[in-house]
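We're numbering straight along the sequence, starting at 1. Counting starts at 1 for both ligands and their atoms, following the listed order. The figures here come from the full heavy-atom set of this structure, side chains too, leaving out hydrogens, waters and symmetry mates.
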Amino acid sequence: EGNTYFLLIHGKFLRSESGKTITGQTPFDGTPTYTIQAATKEEIDRAYESAAQAQREWRRVPLWKRAEVVHKAATILREHVDEIATVILREVGKNRKSAVSEVLRTADLCDYTAEEGLRMEGQLLVGDSYPGQPRNKLCLVQRVPLGVVLAQGPFNYPCNLTGSKVAPALMAGNSCVVKGPTQGAVSALYLTAAFHFAGAPPGVVNFVSGRGSEIGDYLVQHPLCNCISFTGGNIGLEVAKKAHMIPMQMELGGKDAAIVCDDADLDLAAKCIVSGAFSYSGQRCTAVKLVLAVESIAEELISKVVERTRALTVGHPEDNCEVTAVINKAAADYAESLAMDAKEKGAKFLLEYRREANLIYPLVVDHVNESMKLAWEEPFAPVLPIMRVKDEKAAVAFANRLRYGLQGCVFTRDVNRAISLSSSITAGTIQVNGAPARGPDHFLFLGHKDSGINAQGAKWSIEAMTKLKSIVINLP
Ligand code: G3P
């Protein structure tokens with residue numbers, strides 16, 4: 001209704017009985033965006049009950065029919081790409097080109113996941129392959145759904161990172177309770193609605209919204225929740241402690257380091273570092289959040305990085321600027337505090353520090369050392385720290401002291417060096433001569449250390465949302 005958006009419970013769009021709503025603001029000029037519902041605990045109960053009931057039927061729906069729904073959702077997303085991109089742009093300040101690509105990427109992900117779901121395989125074990133066992137035992141191993149999946153995505157990909165949870169959940173025979181990020185909720189609701197209008201039966205996809213501080217614990221500790229698929233920041237560490245003993249798929253923070261060796265193609269490294277650090281204003285888990293430059297090439301690399309950073313466009317998302325305002329004032333204040341802490345402790349700003357409300361101009365900070373918070377924490381903003389290191393061994397040693405282990409990247413022309421360094425870094429993925437990135441979305445994506453639990457990527461997400469079960473046949 002107008003700019004007001006509802007909950008989706010058991011196939012019905014509803015106002016919350018709480019009578020409470022939350023109105024968002026654009027990150028870039030603070031104008032009101034959309035009004036969402038603050039769901040009550042009773043409404044969360046109803047969403048879970050509906051999901052649990054619907055899942056008992058949905059798990060029996062033939063795979064090819066589930067795939068039809070997921071493909072249809074992809075079609076709906078493509079048909080509404082401009083409308084959804086506008087919502088993403090306004091809610092989270094992503095530039096138009098990237099917002100469009102987020103929606104199309106989600107549609108592709110749905111199509112691929114639907115196909116991958118059809119290929120879920122089991123296994124047949126025969127008893128007599130084990131010493132002393134007779135031939136008459138057969139063990140049928142199959143994947144079965146978990147039940148109700150809580151799909152909780154972050155603000156930075158409110159459509160895509162919700163879709164990357166809902167599509168595999170449905171293919172695996174689960175139902176979903178989707179909790180949208182407060183800023184980004186309407187984008188997540190559009191995504192959920194695509195599955196609803198694609199023909200998911202009532203209760204298979206439900207949507208609730210509200211402040212995480214008010215309903216977050218209730219959602220993750222709900223007795224009908226059988227799996228948590230969560231992407232977000234450090235709050236995920238708390239979620240993991242609070243949740244009951246249920247499977248989790250979590251992608252949390254990252255501090256992806258770019259290690260640049262003395263034999264690297266420095267133009268390529270600078271290009272990847274700048275795009276990796278500053279696209280969507282650094283608000284990506286996989287952004288380059290630290291450069292570890294070997295002394296002998298540091299000067300040359302840094303001048304190339306600065307030159308490319310100067311060329312970035314800064315401004316309004318509607319103008320397709322590469323750097324736009326960060327999500328809110330608290331985020332901008334935090335990034336600023338990291339930059340200032342580094343400066344006070346002796347780091348050097350290589351570009352003038354400029355901030356207009358939530359818009360932070362891209363900043364490259366040189367001579368960062370381990371006494372500074374910027375060496376350890378993620379700014380989630382267009383602030384790029386550079387640390388000069390004696391050699392690549394020192395670079396790896398520092399990268400491995402970080403609490404995060406999402407991705408990392410290594411720039412070298414020597415394949416042996418690339419493999420050896422990649423093997424030594426503790427992270428889910430190491431990119432050789434490329435910036436960290438989750439996609440393409442059928443690739444394995446996961447965090448080690450505090451960066452996550454379990455893996456993503458179409459095939460692995462389906463696996464994370466199923467459990468193994470065996471039936472042993474004892475032949476006469
Ligand atoms: O921050 C979310 C994370 O999944 C990054 O995705 O595609 O920007 O590498 P991407």
Side-chain angles (χ1 to χ4, degrees), residues 27 85 88 91-95 97-110 112-113 151-168 180-181 183-184 187-188 191 229-236 249-258 272-290 317 322-324 326-327 331 335 377-382 384 404-409 427-431 434-458 460-461 464:
I88 295 174
E91 285 198 295
V92 305
K94 188 171 282 193
N95 75 37
K97 197 169 149 230
S98 307
V100 165
S101 113
E102 175 172 343
V103 180
L104 298 178
R105 171 182 182 177
T106 311
D108 291 344
L109 182 151
C110 289
Y112 190 95
T113 304
Q152 194 164 354
F155 79 82
N156 62 348
Y157 285 92
C159 173
N160 181 267
L161 281 171
T162 307
S164 70
K165 300 174 188 316
V166 175
Q183 252 180 295
S187 311
L191 180 283
S229 179
F230 178 95
T231 306
N234 290 335
I235 197 155
Q249 182 191 43
M250 291 210 162
E251 187 222 325
L252 311 179
K255 181 76 180 165
D256 296 2
C272 295
I273 287 168
V274 172
S275 69
F278 297 112
S279 60
Y280 188 40
S281 313
Q283 299 176 107
R284 297 164 54 235
C285 310
T286 49
V288 171
K289 295 188 184 124
L290 180 66
E322 288 152 313
V323 175
T324 54
V326 297
I327 191 74
E377 303 298 326
E378 43 173 352
F380 230 68
L384 174 64
Y404 298 109
L406 189 58
Q407 295 206 352
C409 50
T429 301
I430 310 299
Q431 306 267 350
R438 173 168 46 117
D441 292 333
H442 64 313
F443 277 16
L444 177 69
F445 182 55
L446 78 166
H448 290 182
K449 299 196 275 186
D450 275 0
S451 288
I453 304 174
N454 236 321
Q456 294 174 74
W460 291 281
S461 284

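- At least one cation-pi condition fails for Lys94 and Phe155: the charged atom is not both under 6.0 angstrom from the six-membered ring centre and inside a 45 degree cone around its axis.
- Close contacts between ligand 1 and Phe445 involve ligand atoms 4 (O) [criterion: under 4.0 Å to a heavy atom].
- A donor and an acceptor atom, one from each side chain of Gln407 and Gln431, are located under 3.5 Å apart.
- Looking at Tyr157 against ligand 1, only its side chain comes within 4.0 Å, counting heavy atoms.
- Contact check for Ile235 versus Gln152: no side-chain heavy atoms found under the 4.5 Å cut-off.
- The shortest heavy-atom distance from Thr231 to ligand 1 is not under 4.0 Å.
- Within ligand 1, the atoms closer than 4.0 Å to a non-hydrogen atom of Ala437 are 9 (O), numbered from 1 in the order shown.
- For the residues Glu251, Glu102, Arg284, the heavy atom positioned nearest atom 3 (C) of ligand 1 is part of Glu251.
- Other residues, nucleotides and ligands contribute more than 12 heavy atoms inside 6.0 Å of the CG atom of Leu104.
- Listed here is the closest heavy atom pair of Val288 and Leu384: O-CD1, 3.8 Å.
- Ligand 1 has a nitrogen or oxygen under 3.5 angstrom from a nitrogen or oxygen of Cys285.
- For Arg105, every heavy-atom contact with ligand 1 shorter than 4.0 Å involves the side chain, none the backbone.
- Checking side-chain atoms of Ser187 against main-chain N and O of Cys159 turns up no donor-acceptor pair under 3.5 Å.
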